[in-house]
Amino acid sequence: MSADPFPMRDALKVLRERIPEKPEVFLVLGSGLSGLAEGVSRRVSIPFGEIPGFPEPGVAGHAGRLVSGRMGGKWVLFLAGGFHFYEGFASGVVVAPVRLAAHLGARTVILTNAAGGIAPELRPGSILLLDDHINLMGRSPLAGPEVEGEERFPDMSAPYDPELQGLALELAGEKGIPLSRGSYAAVLGPSYETPAEIRFLKAAGADAVGMSTVPEVIAARALGMRVLAFSLITNHAAGLGSAPLRHDEVLEMGRVAGGQLNELIRSLLSRLTPLSGQTPTADPSPG
Ligand code: HPA
């Protein structure tokens with residue numbers, strides 16, 4: 001008996017019926033970045049409403065679907081419009097997509113998000129390659145009953161795969177796409193930060209701030225997946241720019257500036273080499 005109400009087996013059954021091949025890579029598309037999923041071939045789009053346990057999307061700009069297909073010579077699975085703690089969802093829902101992707105066979109996760117820039121070079125439109133994070137959400141997606149097949153106390157000394165980071169930097173260099181490296185602070189939200197909170201985050205070593213990604217990174221590491229993540233900087237963090245923060249402007253910036261990040265991810269997919277080793281194939285216990 002588990003306290004986690006997510007119906008993992010039912011969801012897996014539906015996805016296995018709909019998805020033609022095992023995904024190698026799972027990609028999470030952040031606010032305003034869902035355009036990347038439009039470019040897949042052999043596209044199968046599954047709205048959240050058709051997946052057991054998935055809530056309907058609640059935030060404007062979140063398309064709310066899993067998309068399977070081929071990109072860069074790989075079978076990929078996209079999540080457009082994920083679930084966040086600020087929406088009030090339980091951990092079992094927030095990290096259900098990454099767990100499902102792992103059970104379907106994906107060994108690599110690429111996460112994208114929209115974030116506020118704290119480091120002075122991270123102006124709106126910049127791309128940050130995460131090389132570390134600070135979890136200030138006040139919770140871990142792993143807290144609660146132990147989940148079979150997951151590391152209970154995962155090491156987090158290098159959550160972002162150094163080899164994948166190297167490849168991303170190399171490809172960005174080849175394409176002339178400016179790519180910064182730094183730490184992402186994850187906060188609960190949904191209010192944006194105060195200027196004092198941003199000063200605090202800056203003193204703590206954060207280069208950018210957002211309300212997503214870290215739960216998925218923690219779950220993916222517990223599942224033994226390799227992880228890479230990018231922030232698209234959509235705004236100066238509070239107190240660092242002149243204007244108040246507005247969600248619609250954050251989304252619009254994601255759409256406008258997401259093109260380079262999409263290009264970088266496409267080329268990454270075509271240069272990724274498969275990860276050897278075991279796939280976490282054991283099906284979850286009934287939930
Ligand atoms: N703060 C938190 N989350 C965000 C921001 C921000 O400034 N911009 C986009 N997501």
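Counting starts at 1 for both ligands and their atoms, following the listed order.
Using modelled atom types, one side-chain atom of E87 and one backbone atom of H84 make a donor-acceptor pair closer than 3.5 Å.
Counting only non-hydrogen atoms, the option in A115, G210, G30 that gets closest to atom 3 (N) of ligand 1 is G210.
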Donor-acceptor contacts, no H, no angles, side chain residues 261-268, under 3.5 Å, sequence neighbours left out:
unit_1	atom_1	unit_2	atom_2	d
S267	OG	E263	O	3.4
S267	OG	L264	O	3.0

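Shortest contact from atom 5 (C) of ligand 1 to any protein heavy atom: G116 N, 3.4 Å.
Short contacts between ligand 1 and V209, defined as distances under 4.0 Å to a heavy atom of the residue, involve ligand atoms 1 (N), 2 (C), 3 (N), 4 (C), 5 (C), 6 (C). Those atoms of ligand 1 with a heavy atom of A114 less than 4.0 angstrom away are 9 (C), 10 (N). Those atoms of ligand 1 with a heavy atom of T234 less than 4.0 angstrom away are 8 (N), 9 (C).
Expressed to the nearest 0.5 Å, how far CD1 of I118 lies from OG of S183 amounts to 10.0 Å.
Under 4.0 Å is where a charged nitrogen must lie from a carboxylate oxygen, and between E21 and R70 no such pair does.
Remark: ligand 1 and E193 share an N or O pair separated by less than 3.5 Å (distance only, no angle test). Considering backbone and side-chain atoms alike, N235 places an N or O below 3.5 Å from some N or O of ligand 1.
More than 12 non-hydrogen atoms from other residues, nucleotides or ligands lie less than 6.0 angstrom from CZ of R43.
A pairwise comparison of heavy atoms in A96 and F54 identifies CB-CE1, 4.5 Å as the closest pair.
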